Amino acid sequence: MWVKPEKSFSKSDLITDDFTMWRYSKVYPLDRKSVEISFNETITPLASAKIANVNILAKMDSLMPTGSFKDRGAAMVVNYLNTQGIRSISEDSSGNGGSAYAAYAAKGNFDCNIFVPAGTSLGKTVQTRLYGARCLEIEGSREDVAQVAMNSKETHDSYYVGHNWHPLFIEGVKSIAYEIWEQCGYLAPDNFIAPAGNGSLLAGAYLGFQELLNGEAIDKMPRLFGIQTEGIQPFVQQFNGESIEIGSTDTLAEGIKIQCSSRIDEIIDFVRQSNGGFVSVNESQIEEALRSMGKQGFFIEPTSAVAFAGIKKLIDSGDVEDGQITVGVVTGNGLKATNVLQNLLAND
């Protein structure tokens with residue numbers, strides 16, 4: 001269970017000569033000297049963009065070592081396991097988490113088994129296999145894939161590192177909050193907006209910003225907004241006091257096809273504390289955001305487009321306004337889903 005953080009961080013805690021995510025090591029569960037498996041995970045760009053003629057910022061985690069924000073968590077977990085002498089891991093993923101773990105496992109000479117839903121984008125499965133991991137495609141729902149992976153210790157003699165469960169994963173993900181704080185001139189943004197599947201990005205952002213708040217490095221918590229698809233929106237429904245009902249699972253946003261988050265209650269609590277919320281977007285809105293961002297030079301995967309479709313909806317509702325510092329997260333690179341994007345363009 002994640003709890004409200006007691007750690008604090010201020011500007012004086014920065015490792016000023018380290019230009020990677022490890023410059024915030026004072027609030028990590030790992031000492032900087034313990035980090036042996038690394039691609040020198042550099043700070044990702046925070047670039048200007050426009051949605052509905054409103055100025056926003058796009059946090060380009062598509063430029064992490066394997067092309068998604070999941071590298072932040074995988075780097076933390078794999079380095080921790082390395083200190084414990086573990087050499088074989090198993091993970092379930094919709095794609096990006098698996099390729100992140102596979103890369104760090106390869107870097108650290110770990111044995112690695114990645115379980116993904118059958119039909120996962122080739123950009124992710126090919127990437128995972130090239131790293132040398134076993135990539136097992138499982139028929140069924142995202143939850144079915146997780147169950148198979150959880151039982152893999154007996155079949156593959158490995159340690160389960162599911163990013164939806166491992167507590168150190170969000171300890172790595174929270175680095176995104178610290179980077180944004182620095183990039184915004186040591187200020188908290190007004191709004192932080194991300195796709196919501198299991199919710200690890202929202203949880204990590206909350207923990208990071210709360211630690212900055214504890215250290216009086218910022219004077220407010222950004223409003224956190226999680227965006228889901230209309231077919232799969234358990235966060236939206238529970239947040240609004242509705243029963244969870246799954247509709248169509250046919251979506252461009254394969255990365256958030258999670259019907260029930262393992263941390264739903266905690267993450268909803270984090271979002272409520274921030275005075276944020278959850279909204280859903282439909283497939284045409286996702287495609288519109290994908291094309292809009294593309295025309296501004298951002299090559300993003302469809303799951304990432306969910307965040308920017310959500311920003312458009314929040315602008316329309318008045319929840320996000322011009323003049324505010326609004327950050328949307330590019331969670332994954334468009335190269336992850338080239339086949340999907342090609343099919344969209346073929347219909348033009």
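From a predicted model like this one, the values you see are computed outputs, not experimental measurements.
In this structure, S304 contributes its side chain and G332 its backbone to a donor-acceptor pair below 3.5 Å. Under a 3.5 Å cut-off, the side chain of D319 and the backbone N or O of I315 do not form any donor-acceptor pair. Within the 3.5 Å criterion, the main-chain N or O of A52 finds no donor-acceptor partner in the side chain of K312. Looking at N240, its side chain does come within 3.5 Å of a backbone N or O of V236 through a donor-acceptor pair. Between the side chain of S25 and the backbone N or O of Y28 there is no donor-acceptor pair closer than 3.5 Å. Within the 3.5 Å criterion, the main-chain N or O of N191 finds no donor-acceptor partner in the side chain of Q324. At distances below 3.5 Å, not a single donor-acceptor pair connects side-chain atoms of R223 with backbone N or O atoms of G277. Proximity of a side-chain donor or acceptor of E283 to a complementary backbone N or O of T251 within less than 3.5 Å is not detected. When atom types are taken as modelled, the side chain of K313 and the backbone of S280 share a donor-acceptor pair closer than 3.5 angstrom. With Q238 contributing its side chain and F235 its backbone, the two residues share no donor-acceptor pair below 3.5 Å.
Note that OG1 of T128 and CD1 of I114 are 6.0 Å apart. Values are rounded to the nearest 0.5 Å. L46 CG to C184 SG: the interatomic distance, rounded to the nearest 0.5 Å, is 5.5 Å. Put simply, CD1 on I286 and CD1 on I227 are 10.5 Å apart, with the number rounded to the nearest 0.5 Å. Taking CG from L224 and CD1 from I267, the interatomic distance works out to 10.5 Å, rounded to the nearest 0.5 Å. Separating the CG atom in N113 from the CG atom in D92 is a distance of 12.0 Å, to the nearest 0.5 Å. Distance check, rounded to the nearest 0.5 Å: CD1 of I56 to CD1 of I51 gives 4.5 Å.
Partner of N96 under the side chain to side chain donor-acceptor pair (under 3.5 Å) criterion, out of K336, K70, Q127, E254: K336 alone.
The two residues Q237 and I244 make their nearest non-hydrogen contact at OE1-CA, 3.3 Å. Residues I256 and I232 come closest through the heavy atom pair O-CG2, 4.4 Å. The shortest heavy-atom contact between S274 and P222 is CB-O, 3.3 Å. A307 approaches P195 most closely through the heavy-atom pair CB-CD, 3.7 Å. Counting all heavy atoms, side chain and backbone alike, C112 lies closest to A105 at CB-CB, 3.7 Å. The two atoms that bring S99 and Y131 nearest to each other are O-CE1, 3.4 Å, heavy atoms only.
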When you look at K174 and V27, which way does the side-chain contact (heavy atoms from CB on, under 4.5 Å) test go after all the steps?
CA-CA 10 Å; K174 75 182 182 185; V27 283; 4.0 Å; yes

Salt bridge (Lys or Arg N to Asp or Glu O under 4.0 Å) for E266 and R263? Distances and angles first, verdict last.
CA-CA 6 Å; E266 294 161 288; R263 304 288 191 178; 3.6 Å; yes

List the steps and the verdict of salt bridge (Lys or Arg N to Asp or Glu O under 4.0 Å) for R134 and D111.
CA-CA 9 Å; R134 300 181 192 89; D111 186 54; 3.0 Å; yes

May I have the step-by-step check of side-chain hydrogen bond (donor to acceptor under 3.5 Å, both in side chains) for Q273 and Y206, ending in yes or no?
CA-CA 9 Å; Q273 288 182 46; Y206 172 84; 2.7 Å; yes

I'd like to know whether I176 forms a side-chain contact (heavy atoms from CB on, under 4.5 Å) with I180, so could you lay out the CA-CA distance, the side-chain angles of the two residues, the decisive distance to 0.1 Å, and finally the verdict.
CA-CA 6 Å; I176 197 171; I180 291 170; 4.0 Å; yes

Does E179 form a side-chain contact (heavy atoms from CB on, under 4.5 Å) with Y24? I'd like the steps, not just the answer.
CA-CA 9 Å; E179 291 183 17; Y24 316 109; 3.6 Å; yes

As a quick check of understanding, evaluate side-chain contact (heavy atoms from CB on, under 4.5 Å) for D61 and L201, giving each step before the final call.
CA-CA 11 Å; D61 267 24; L201 189 47; 5.7 Å; no

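Defined by atom type and a distance below 3.5 Å, a donor-acceptor pair is missing between the side-chain atoms of S200 and N198. A donor and an acceptor atom, one from each side chain of S175 and R72, are located under 3.5 Å apart. Between the side chains of E36 and N82, at least one donor N or O lies within less than 3.5 Å of an accepting N or O. Looking at K7 and N214, their side chains never bring a donor and an acceptor atom within 3.5 Å of each other. No side-chain N or O of E301 forms a donor-acceptor pair with one of N333 less than 3.5 Å apart.
Contact of the Q183 side chain with the I43 side chain is registered, since non-hydrogen atoms from C-beta on lie closer than 4.5 Å. At least one side-chain heavy atom of S38 sits under 4.5 Å from a side-chain heavy atom of W22. At least one side-chain heavy atom of E287 sits under 4.5 Å from a side-chain heavy atom of L344. With contacts defined as side-chain heavy-atom distances shorter than 4.5 Å, the pair T20/T42 does not qualify. Put simply, the side chain of T125 reaches to within 4.5 Å of the side chain of V116, judged on heavy atoms. Here the side chains of D190 and K220 are in contact, with some heavy-atom distance below 4.5 Å. At least one side-chain heavy atom of V271 sits under 4.5 Å from a side-chain heavy atom of F278. At a threshold of 4.5 Å between non-hydrogen side-chain atoms, the residues R32 and D18 count as touching.
Criterion: ILVMFWY side-chain heavy atoms under 4.5 Å apart, direct or through other members. Under it, L202 and I268 are part of a common hydrophobic cluster. Both V173 and V78 sit in one connected hydrophobic cluster of ILVMFWY residues. Membership requires side-chain heavy atoms under 4.5 Å apart, directly or through other members. With hydrophobic clusters built from ILVMFWY side chains whose heavy atoms lie under 4.5 angstrom apart, I170 shares a cluster with V161. In the hydrophobic cluster analysis, where Ile, Leu, Val, Met, Phe, Trp and Tyr join through side-chain heavy atoms closer than 4.5 angstrom, F9 is grouped together with I218. A continuous path of ILVMFWY side-chain contacts below 4.5 Å connects L14 to L30, so both sit in one hydrophobic cluster.
Y104 has its ring centre less than 6.0 Å from the ring centre of F39. Taking the six-membered ring wherever Trp is involved, the centroid distance between the rings of W181 and F209 does not fall below 6.0 Å.
Cation-pi geometry between R23 and Y178 is not met: the NZ or CZ atom fails to fall both under 6.0 Å from the ring centre and inside 45° of the normal. Cation-pi geometry between K11 and Y186 is met: the NZ or CZ atom falls under 6.0 Å from the ring centre, inside 45° of the normal.
N53 CG: 12 or fewer foreign heavy atoms inside a 6.0 Å radius. Within a 6.0 Å radius of CG in D250, no more than 12 heavy atoms belonging to other residues, nucleotides or ligands are found. Counted within 6.0 Å of CD on Q84, heavy atoms from surrounding residues, nucleotides or ligands total more than 12; the atom is thus considered enclosed.
A salt bridge links E137 with R129; the closest basic N to acidic carboxylate O contact falls under 4.0 Å.
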